[in-house]
K.L.:
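Provided herewith is a single structure, encoded as structure tokens, for subsequent inquiry.
These numbers come from a predicted model, not from an experiment.
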Amino acid sequence: MSEQQTVLYDAPGPRARRLTLIVSVLAALGIAAVGYFLVYRPLDENGQFTMEKWGPLIDPGNEVFPLVWARLRDGFVATLTAAGLAIVCSLVFGTLLAILRIQLKALRKRQFAGLSAPAAWSLRGLGWVLNAITRFCVEIFRGLPVVITIFFVASALPDLGVDLGDVLWYLVIGLTIYNGVVIGEILRSGMEGLPGGQREAAQAVGFTSFQTTRMILLPQAFRIMLPALISQLVVVLKDTSLGFIISYEEVLRVSRFIIDNLANPIQVYAVVGAIYILINYLLSKLAEYAQRRLARGRRTRDLPAGTAPPSILPQGVPGAARDAEDTGREQSAAPTSGTRADAGTS
């Protein structure tokens with residue numbers, strides 16, 4: 001074991017390792033015994049492991065097997081459809097909300113040098129009021145349980161004369177409001193956590209506040225907060241199961257119909273739960289892959305000897321800034337040439 005690894009704790013000796021092994025084996029045997037006597041045996045005595053219960057789900061020769069999986073397939077298609085629409089809408093709504101809050105915060109600090117004092121105070125006051133309203137809405141929708149948001153949308157919109165026709169859209173709107181607010185706060189915190197020097201550099205080369213947010217801060221916030229964003233998208237997928245309260249035919253509501261006919265809730269919920277776990281596992285692997293690709297993209301390659309590094313100015317910088325950079329290089333090169341010429345003459 002290296003010196004760095006032994007700084008925080010001492011390496012266990014032979015006696016400690018034997019004791020750890022014995023305790024681990026005893027704990028594993030205890031867990032296995034509890035699982036056998038409290039889980040397996042009661043289920044076995046009640047006939048929960050018979051093919052009569054599992055056959056409709058795992059035996060293709062069972063007469064109801066095709067019907068059961070056709071219903072489960074329809075339920076999962078409805079679940080993934082609602083989740084996909086809610087994810088896209090939540091990302092768009094959350095991104096716009098994060099940009100709005102960042103811009104309102106910048107508006108409160110802006111000096112408005114070209115305007116009179118009353119007009120400048122009025123604009124800063126307007127920014128303060130709008131920021132307070134958006135923050136109040138964020139705290140309200142972030143604090144409400146998502147089930148209440150879904151039920152409220154499905155009940156309030158028809159009462160207001162807004163009939164969307166399909167119950168799917170009420171579920172999508174409810175999920176979008178809640179998860180969009182959370183995603184907006186994730187992105188806002190990511191942008192505000194970036195070094196302030198980036199904003200100052202962007203302002204120095206002529207970027208507006210909106211250009212700085214859109215071209216510099218927001219892309220970095222997406223990259224930095226990617227793990228939190230993926231976790232929230234997994235939450236969106238799982239929250240689609242709340243569609244049962246508005247009679248949406250998602251997979252758990254379909255499972256209830258199957259259970260009512262076959263009387264095998266443990267088996268059906270075990271299969272559905274395993275499929276949910278598989279989907280979430282694939283999403284987590286997708287997040288790890290995206291993080292690796294982004295990390296690989298940020299690595300800078302070693303330049304060959306004698307090659308000048310590329311310009312650090314981003315694309316879209318005004319031409320005056322690039323001209324100033326070229327002029328500075330020419331001015332810095334001129335004295336050197338003159339010195340060499342003088343030295344050669346002397």
K.L.:
What heavy-atom pair brings V172 and C89 nearest, and what distance separates the two atoms?
P.N.:
CG1-SG, 4.3 Å

K.L.:
Before you tell me yes or no, could you show the steps for L80 and T240 under side-chain contact (heavy atoms from CB on, under 4.5 Å), namely the whole-Å CA-CA distance, both residues' side-chain angles and the distance that decides it to 0.1 Å?
P.N.:
CA-CA 8 Å; L80 295 177; T240 56; over 6 Å; no

K.L.:
Checking M51 against I58 for the side-chain contact (heavy atoms from CB on, under 4.5 Å) test, could you report, in this order, the C-alpha distance in whole Å, the side-chain angles of both residues, the deciding distance, and whether it holds?
P.N.:
CA-CA 9 Å; M51 287 303 296; I58 64 174; 4.2 Å; yes

K.L.:
Checking E45 now: which residues fulfil salt bridge (Lys or Arg N to Asp or Glu O under 4.0 Å) with it, not counting sequence neighbours?
P.N.:
R41

K.L.:
Does F244 reach the side chain of L252, with side-chain heavy atoms less than 4.5 Å apart?
P.N.:
no

K.L.:
Calculate, to the nearest 0.5 Å, the distance between atoms CD1 and CE belonging to I224 and M191 respectively.
P.N.:
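So the gap between those two atoms works out to 11.0 Å.
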
K.L.:
If every non-hydrogen atom of T176 is compared with every non-hydrogen atom of F93, which pair is closest and at what distance?
P.N.:
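T176 and F93 have their closest heavy atoms at O-CD2, 3.8 Å.
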
K.L.:
So do N179 and Q232 actually touch side chain to side chain, heavy atoms under 4.5 Å?
P.N.:
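Yes - at least one pair of side-chain heavy atoms lies under 4.5 Å apart.
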
K.L.:
What distance separates L237 CG from Y276 OH, expressed to the nearest 0.5 Å?
P.N.:
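Answer rounded to 0.5 Å: 6.0 Å.
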
K.L.:
Rounded at 0.5 Å granularity, tell me how far CH2 in W54 sits from CD1 in I266.
P.N.:
8.5 Å

K.L.:
How close do P12 and R17 get, counting heavy atoms only, and between which atoms?
P.N.:
O-NH1, 2.8 Å

K.L.:
Grab the two heavy atoms, one from L91 and one from T95, that are nearest each other, plus how far apart they are.
P.N.:
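Where L91 meets T95 most closely, the heavy atoms are O-OG1, 2.6 Å.
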
K.L.:
Side chains of residues 255-265: which donor-acceptor pairs under 3.5 Å do they make with residues two or more places apart or in other chains?
P.N.:
unit_1 : atom_1 : unit_2 : atom_2 : d
S255   : OG     : V251   : O      : 2.7
N261   : ND2    : F257   : O      : 2.6
N264   : ND2    : K53    : O      : 3.1

K.L.:
Is there a side-chain contact (heavy atoms from CB on, under 4.5 Å) between I150 and Y178 once you walk through the steps?
P.N.:
CA-CA 9 Å; I150 296 172; Y178 174 78; over 6 Å; no

K.L.:
Answer yes or no: is there a side-chain heavy-atom contact under 4.5 Å between L282 and L286?
P.N.:
no

K.L.:
I need the L104 CG to L126 CG distance, nearest 0.5 Å.
P.N.:
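If I round to the nearest 0.5 Å, the distance is 8.5 Å.
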
K.L.:
Answer with yes or no whether the side chains of T213 and Q103 bring together a donor and an acceptor at under 3.5 Å.
P.N.:
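Yes, a side-chain donor-acceptor pair sits under 3.5 Å.
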
K.L.:
Thinking salt bridges, do E185 and R188 make one under a 4.0 Å N-O criterion?
P.N.:
yes

K.L.:
Indicate the atoms forming the closest heavy-atom contact of L194 with Q198, along with that distance.
P.N.:
CD1-OE1, 4.5 Å

K.L.:
To the nearest 0.5 Å, how far apart are CD1 in I275 and CG in L278?
P.N.:
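So the CD1 of I275 and the CG of L278 are separated by 8.0 Å.
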
K.L.:
Heavy atoms only: give me the nearest L171-G243 pair and the separation to one decimal.
P.N.:
CD1-CA, 3.9 Å

K.L.:
When hydrophobic residues are tied together by side-chain contacts of less than 4.5 Å, even through go-betweens, does V68 share a cluster with V272?
P.N.:
yes

K.L.:
Going hydrophobic residue to hydrophobic residue with side-chain gaps under 4.5 angstrom, can you get from L85 over to L96?
P.N.:
no

K.L.:
Can you sort out the partners of Y36 under ring-ring contact (aromatic ring centres under 6.0 Å, His included), two or more places apart, ordered by chain and number?
P.N.:
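Result, ring-ring contact (aromatic ring centres under 6.0 Å, His included) vs Y36: Y40.
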
K.L.:
Taking C-beta and beyond as the side chain, do V138 and L97 meet within less than 4.5 Å on heavy atoms?
P.N.:
yes

K.L.:
Got a donor-acceptor contact below 3.5 angstrom from the E250 side chain to the R253 backbone?
P.N.:
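Yes, because the side chain of E250 sits within donor-acceptor range (under 3.5 Å) of the backbone of R253.
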
K.L.:
Rounded to the nearest 0.5 Å, how far does CH2 of W169 lie from CG of D163?
P.N.:
14.0 Å

K.L.:
Pair I173, L157 - check side-chain contact (heavy atoms from CB on, under 4.5 Å), show working.
P.N.:
CA-CA 11 Å; I173 292 174; L157 291 184; 4.1 Å; yes

K.L.:
Check L19, L26, T20 against V23 for a side-chain contact (heavy atoms from CB on, under 4.5 Å) and give me the one that passes.
P.N.:
L19

